[in-house]
Participant: 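There's a structure below that I have some questions on.
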Amino acid sequence: MRIGSFVSAVSLLLVVHEATAFKAHDFKTCSQSGFCRRGRALSARAKDAGSSWKSPYSVDPSTISVVDGEAVFKAGVKSSLYPEINFGLEVRIQEDGVVRARMDEVGGLRKRYDEAASWALIAEPKISKDIRWTVGKMDIRAKYGPKKDVEVVVDFEPLKLTVYRGGKEQVVVNGQGLFHMEHFRNKAEPAAIESSSSDDAQPTDEAQAVLEPPVNPRAWFEGDQEDALWEETFGTWTDTKPKGPESLSVDISFPNHPVVYGIPQHATDMALPTTTGENAHFSDPYRLYNADVFEYLASSPVSLYGSIPLMHAHSKDTTVAVFHVVASETWIDVSHASDKSTETHWISESGILDLFILPGPTPEEVFAQYARLTGTPVLPAQWSLGYHQCRWNYVSSEDIRTVQKRFDEENIPVDVLWLDIEYSEGHKYFMWNDKTFPDPVEMINDVAAAGRKMVVIVDPHLKREQGYPVFKKASELEVLVKPKSGQGEYEGWCWPGSSSWVDFFNPKSWDWWKSLFKPYQLPSGEWSWTKSTEAVHIWNDMNEPSVFNGPEITMPKDNIHHGGWEHRDIHNINGMLFSNLTWQAVAERSDPPKRPFVLTRSFYAGSQRFGAMWTGDNLGTWEHMTVGVKMVLANGLGGLSFGGSDVGGFFGNPEPEMLTRWYQVGAFAPFFRAHAHIDTKRREPYLLEDPYKGIVYETLRLRYTMLPIWYTAFRETTVTGVPILRPQYIMFPKDEYGFKIDDQYYIGSSGLLVKPVTQKGVTETLVYLAEDQVYYGYFSHHAFRGNRQGRFVVVPSALNQIPLLIRGGSIVPTRERRRRASTLMAQDPFTLRVALSNTNSARGDLYLDDGETWSHEKGQFVWREFIASKKGKGIEIASTDLGSKKPAEAVDGVDLASVYNPENEYAKSIEDVRVERVIVIGLKNKPKSVKVAGKEVGEDTWEFVPGVASTDKAEERAATLIIKNPDVKIAQDWNISIV
């Protein structure tokens with residue numbers, strides 16, 4: 001292509017990609033997807049048939065084999081549609097009670113993709129040796145659990161799998177008879193019709209039979225016409241299907257659970273609205289197919305950047321979940337047969353049935369069961385919990401220096417400065433644009449000198465240019481994705497123009513990719529990123545993968561990956577492998593290793609092990625601010641706690657009020673980053689006018705004071721898998737009113753309850769309190785009270801007021817000194833807020849380590865527990881070592897008992913860090929004395945602010961005791977007595 005034509009083509013692609021509205025025609029609906037049409041039509045036929053419908057699949061009892069000494073059975077499965085085709089079923093019960101059902105075609109013409117679990121799971125789950133299957137004439141079953149109240153039953157004819165608890169159905173698989181595994185077959189060639197010398201001659205009887213085939217006897221189940229079995233078109237693209245039809249349909253019902261959550265990522269309510277049935281909220285199923293959806297809608301079942309095939313089902317009695325480990329495009333219908341039950345239908349393009357049923361019965365146990373499968377979120381570097389400043393693009397090294405200078409001049413804290421794609425020469429990642437970034441190492445060092453880090457984007461597309469060392473080496477290693485022919489290298493279009501993509505399913509790519517990030521010359525002489533330092537971390541974008549000239553802005557499904565697998569088989573895993581290898585690369589570049597930070601846009605089950613994610617290219621609108629909160633909550637339910645939405649919206653120029661509110665939303669998300677499109681106006685916080693600038697500054701400062709709370713919450717999720725942001729149903733699983741609340745949430749176990757304001761002009765907010773417990777305004781100490789039935793309370797929420805409450809019974813540690821970056825806070829003193837419960841008690845904890853290395857895995861940390869309790873006529877507040885109390889717990893999978901010593905080196909490094917203030921909220925009367933470690937302190941060291949009783953015009957304000965500089969150390973045991 002001539003240079004002029006090349007530039008015009010790339011410019012056209014960019015114009016298309018940067019269109020200013022969601023382009024629905026770029027993405028398939030179910031009716032435009034052959035296998036989804038077939039699956040939904042199957043469901044429609046079943047509904048029309050009613051009670052006469054019967055699944056054609058059945059277990060052959062004569063083939064049942066029970067594995068000796070383990071809770072595993074295997075059996076053959078037949079379909080009456082195709083008696084000559086064999087299927088194999090295996091059901092396992094794991095040590096923790098999770099049920100795993102696997103089914104595959106046996107002895108088929110081709111092999112179905114069965115490797116998704118190898119990427120998602122952290123290890124092969126251990127099978128129980130204490131459970132036995134009992135084989136009957138009509139079913140096989142097993143009972144287990146401490147109360148023997150869990151039972152798994154597999155019916156033979158038709159095939160059905162049911163999990164019961166206490167005799168009540170929890171999960172039913174194929175109860176509606178929609179299970180169908182399309183078997184492999186050879187494409188039938190049309191019979192030749194002899195030509196006739198007469199133009200108007202009629203076809204022979206035999207030819208007529210070819211033109212009008214007999215009615216398919218399987219039409220009652222499969223339909224009377226073949227539909228896109230061997231190829232299909234969408235727009236200008238044709239998807240060849242050399243393996244033919246191989247889709248998998250399965251219905252999963254929750255007969256006693258009215259609400260379902262999960263299957264991120266979608267822009268919708270946390271409690272998933274219906275897609276079928278009477279008054280369905282959406283007309284299309286939820287789609288799981290990682291896609292670069294530019295300016296996505298704020299309410300839609302359209303697939304977005306990540307896919308986690310995990311669904312939670314909840315009732316006031318139990319919580320369960322299903323995890324369907326399939327990597328291909330999947331559509332999921334949700335409906336309600338009644339107000340107490342939920343029915344779902346999962347339709348996947350390829351892969352085997354590999355279904356995990358998580359029996360709960362509590363939300364916490366479901367999260368633990370899923371975490372044992374796919375891992376918990378990794379403990380991040382503490383600096384990554386600070387504020388991140390980004391835009392597309394900071395245009396030069398001097399621009400970066402100026403931004404940092406402005407933050408410092410305004411005394412606004414920030415931890416990370418980001419660079420988007422324009423830092424690179426011609427979008428060749430790892431290579432700096434020498435004209436605009438002539439001194440990258442010096443620039444990075446200038447940022448690091450202020451205690452900060454940089455994050456630089458590295459996308460998966462490689463510019464096809466022999467002078468680009470990364471592409472040249474990838475081509476030589478033959479680790480690039482191949483086109484459908486299986487020969488050569490797939491060529492598509494992205495930011496650099498003509499591009500190819502590394503196939504991270506190929507093990508040969510792994511060590512090479514990790515070597516690229518070394519900030520020094522390799523001994524082998526191979527190219528590495530020498531113009532970088534360990535202060536640079538990585539942003540992986542466009543890893544769905546995004547292909548501008550591909551079908552649905554992604555890679556053709558018939559492309560070929562390592563092992564001969566088509567892209568259709570592994571599409572949803574692709575982005576996770578990219579961030580996984582990048583995370584390993586950043587971790588291994590230093591000696592000893594330090595905790596990496598990697599942000600990914602695309603994700604799959606297990607991505608929580610490799611860093612953070614964000615919700616993609618949102619708009620600067622109130623609606624997107626609102627749905628962003630819901631999406632972050634839903635992603636947390638899918639295991640991805642370290643998430644957030646772009647503050648301000650990626651597109652548009654939000655008005656000052658909206659931007660101010662968005663900072664308040666971001667300050668209460670685990671990942672806190674401001675980002676903006678290249679066409680937007682600059683909107684760094686120091687550019688705002690007062691009063692907005694002052695409010696944003698105080699919001700940022702609040703985030704930094706609360707970093708100990710966030711870091712402690714992250715430690716907890718690395719152990720339990722319970723999300724950092726906890727919606728009402730997790731905190732109060734029996735309170736039915738709270739099941740669908742997704743606009744307020746708790747932060748870990750801290751007791752902090754926040755309801756971000758996401759609407760214009762708000763001055764007060766309704767916050768739902770689900771219990772008979774006092775809550776206090778974080779800033780005002782006003783007392784708000786729920787009741788046993790739950791109630792809404794009115795919380796002041798003017799622009800400078802964040803609706804933030806402390807639950808009675810909580811103790812929260814903060815650091816109140818003003819710092820420009822979190823790395824400068826290591827020796828800062830602490831403030832403890834003690835929010836007394838209705839019974840004058842409270843509890844909290846604090847986890848600390850160096851925040852950057854892996855030394856915590858060797859026991860180098862401080863973990864304190866704070867307890868306030870009634871003692872005699874007064875209250876005692878005590879600090880004790882929690883690491884010694886809970887030796888069975890682990891941090892990042894390391895058993896504390898084997899490594900922990902309360903006198904460890906890290907503890908010694910902060911032995912002089914003190915508690916500078918204790919604030920006790922909710923005392924009934926002014927104390928007569930305050931004693932620290934048994935020694936009474938003078939009244940000049942503490943201050944008592946009496947409470948104010950509520951009236952018709954004013955809220956109750958709780959009494960507050962402020963103890964100034966009690967002379968106790970944060971890492972030591974101590975007690976304070978208040979009488």
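Remember, predicted model here, so these are calculated numbers, not experimental data.
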Participant: Report the C-alpha separation of N635 and T615 in whole Å, then their side-chain angles, then the decisive distance to 0.1 Å, and conclude whether the side-chain contact (heavy atoms from CB on, under 4.5 Å) test is met.
Facilitator: CA-CA 9 Å; N635 291 337; T615 61; 4.1 Å; yes
Participant: For the aromatic rings, using the six-membered ring if either is Trp, is the centroid distance between W583 and W513 under 6.0 Å?
Facilitator: no
Participant: Could you check if a side-chain atom of K241 sits within less than 4.5 angstrom of a side-chain atom of E349, using non-hydrogen atoms only?
Facilitator: yes
Participant: Show the nearest heavy-atom pair for residues V456 and W529, with the distance to one decimal.
Facilitator: CG1-CH2, 3.9 Å
Participant: Find out whether the Lys NZ or Arg CZ of K484 is both under 6.0 angstrom from the six-membered ring centre of Y490 and within 45° of the ring's axis.
Facilitator: no
Participant: Is there a side-chain contact between S641 and P377 (heavy atoms, below 4.5 Å)?
Facilitator: yes
Participant: Any idea which heavy atoms bring I127 and I93 closest together, and the distance?
Facilitator: CG2-O, 3.5 Å
Participant: Going by atom types only, do D503 and H561 share a side-chain donor-acceptor pair under 3.5 Å?
Facilitator: yes
Participant: If you look at every heavy atom in S607 and M576, which pair is closest and at what distance?
Facilitator: OG-CG, 3.3 Å
Participant: Is there a donor-acceptor pair under 3.5 Å between the side chain of S499 and the backbone N or O of G497?
Facilitator: yes
Participant: Please walk me through it: do H571 and N574 pass side-chain contact (heavy atoms from CB on, under 4.5 Å)?
Facilitator: CA-CA 5 Å; H571 174 85; N574 183 82; 5.8 Å; no
Participant: Output yes when a side-chain donor or acceptor of T717 lies under 3.5 Å from a complementary backbone atom of F714, and no otherwise.
Facilitator: no
Participant: Are S475 and L480 side-chain neighbours, meaning at least one heavy-atom pair lies under 4.5 Å?
Facilitator: yes
Participant: Which one of K463, K482, R464 satisfies the side chain to side chain donor-acceptor pair (under 3.5 Å) criterion with S500?
Facilitator: R464
Participant: Less than 4.5 Å apart, any side-chain heavy atom of L248 and any of V326?
Facilitator: no
Participant: Do T600 and N543 come within less than 4.5 Å of each other through their side chains, counting heavy atoms only?
Facilitator: yes
Participant: Closest heavy-atom contact between E534 and P519?
Facilitator: CG-CG, 4.5 Å
Participant: Does atom CD (Q487) have a neighbourhood of more than 12 heavy atoms from anything else shown, all under 6.0 Å?
Facilitator: no
Participant: Does the pair K243/D569 count as a salt bridge with the N-to-O cut at 4.0 Å?
Facilitator: yes
Participant: Do side-chain atoms of Y305 reach the backbone of D617 as a donor and acceptor pair under 3.5 angstrom?
Facilitator: yes
Participant: Would you confirm whether R110, through its side chain, and G108, through its main-chain N or O, come within 3.5 Å as a donor-acceptor pair?
Facilitator: no
Participant: Do the ring centers of Y423 and W432 come within less than 6.0 Å of each other?
Facilitator: yes
Participant: Are R102 and D354 within salt-bridge range, i.e. N to O under 4.0 Å?
Facilitator: yes
Participant: For residues Y429 and H461, establish whether the separation of their ring centroids is below 6.0 Å.
Facilitator: yes
Participant: For K508, does the NZ atom sit with more than 12 other heavy atoms under 6.0 Å from it, leaving out its own atoms?
Facilitator: yes
Participant: Report yes if the distance between the aromatic ring centroids of W493 and F548 is under 6.0 Å, otherwise no.
Facilitator: no
Participant: Please determine whether a side-chain nitrogen of the Lys or Arg among K518 and E526 lies less than 4.0 Å from a carboxylate oxygen of the Asp or Glu.
Facilitator: no
Participant: Is there a donor-acceptor pair closer than 3.5 Å between any side-chain N or O of S300 and the backbone N or O of V302?
Facilitator: yes
Participant: Decide side-chain contact (heavy atoms from CB on, under 4.5 Å) for L522 and S515; before the verdict, give the C-alpha distance in whole Å, the side-chain angles of both, and the deciding distance to 0.1 Å.
Facilitator: CA-CA 8 Å; L522 299 176; S515 74; 3.9 Å; yes
Participant: Counting N and O atoms only, with roles assigned by atom type, does the side chain of K23 sit under 3.5 Å from a partner on the main chain of V293, one being a donor and the other an acceptor?
Facilitator: no
Participant: Minimum heavy-atom separation for Y289 and N572, please, with both atom names.
Facilitator: CA-OD1, 3.4 Å
Participant: What do you reckon, are the aromatic ring centroids of F610 and F603 less than 6.0 Å apart?
Facilitator: no
Participant: So, T330 side chain and S328 main chain: donor-acceptor pair closer than 3.5 Å or not?
Facilitator: yes
Participant: Establish, yes or no, whether the cationic atom of R601 lies under 6.0 Å from the six-membered ring centre of W539 and within 45° of the ring axis.
Facilitator: no
Participant: Measure from the ring center of F505 to the ring center of W119 and say whether it is less than 6.0 Å.
Facilitator: yes
Participant: Tell me if a side-chain donor or acceptor on W510 pairs with a main-chain N or O of F504 at a distance below 3.5 Å.
Facilitator: yes
Participant: Give the C-alpha distance, both sets of side-chain angles, the deciding distance and a yes or no for salt bridge (charged side-chain N to carboxylate O under 4.0 Å, His left out) between E124 and R92.
Facilitator: CA-CA 12 Å; E124 189 64 23; R92 312 171 183 177; 2.7 Å; yes
Participant: Hydrogens and angles aside, do N290 and S307 bring a side-chain donor and acceptor to less than 3.5 Å of each other?
Facilitator: yes
Participant: Would you verify whether the NZ or CZ of R40 falls within 45 degrees of the ring axis of W331 while also being under 6.0 Å from that six-membered ring's centre?
Facilitator: no
Participant: R38 vs E182, test: salt bridge (charged side-chain N to carboxylate O under 4.0 Å, His left out). Steps then yes/no.
Facilitator: CA-CA 11 Å; R38 299 197 297 271; E182 293 182 331; 2.9 Å; yes
Participant: Are the side chains of F323 and V98 in contact, using a 4.5 Å heavy-atom criterion?
Facilitator: no
Participant: To check you understand the geometry: which heavy-atom pair defines the closest contact between I252 and W346, and what is its length?
Facilitator: CD1-NE1, 3.6 Å
Participant: So how far is it from Y286 OH to I332 CD1, rounded to the nearest 0.5 Å?
Facilitator: 10.0 Å
Participant: Pick from H675, H388, H537: which one makes a ring-ring contact (aromatic ring centres under 6.0 Å, His included) with W418?
Facilitator: H388
Participant: Distance-only, no hydrogens or angles: does the T582 side chain make a donor-acceptor pair with backbone N or O of S579 under 3.5 Å?
Facilitator: no
Participant: Using only atom types and a distance under 3.5 Å, with no angle test, would you say the side chain of R100 pairs donor to acceptor with the backbone of L355?
Facilitator: no
Participant: Apply side-chain contact (heavy atoms from CB on, under 4.5 Å) to D104 and L89, showing your working.
Facilitator: CA-CA 7 Å; D104 195 1; L89 172 69; over 6 Å; no
Participant: Inspect the contact between K74 and E90 and indicate whether a charged nitrogen and a carboxylate oxygen are less than 4.0 angstrom apart.
Facilitator: yes
Participant: Taking atom types as modelled and ignoring hydrogens, do the side chains of T29 and Q32 form a donor-acceptor contact shorter than 3.5 angstrom?
Facilitator: yes
Participant: Are T554 and P545 close enough that some pair of their side-chain heavy atoms sits under 4.5 Å apart?
Facilitator: yes
Participant: Would you call E566 and K557 a salt bridge, using N to O less than 4.0 angstrom?
Facilitator: no
Participant: Is it true that the side chains of S350 and E246 contain a donor and an acceptor less than 3.5 Å apart?
Facilitator: no
Participant: Under 3.5 Å, is there a donor-acceptor pair between the D558 and T240 side chains?
Facilitator: yes
Participant: Under a plain distance cut-off of 3.5 Å, with no hydrogens placed, do Q608 and T374 share a side-chain donor-acceptor pair?
Facilitator: yes
Participant: Looking at Y261, F367, Y370, which one forms a ring-ring contact (aromatic ring centres under 6.0 Å, His included) with H312?
Facilitator: F367
Participant: For a side chain to side chain donor-acceptor pair (under 3.5 Å) with E329, tell me which candidate from K28, R287, R568 qualifies.
Facilitator: R287
Participant: Answer whether the closest heavy-atom distance between the side chains of V173 and I357 falls below 4.5 Å.
Facilitator: yes
Participant: Which value, rounded to the nearest 0.5 Å, describes the distance between F27 atom CZ and L304 atom CG?
Facilitator: 9.0 Å
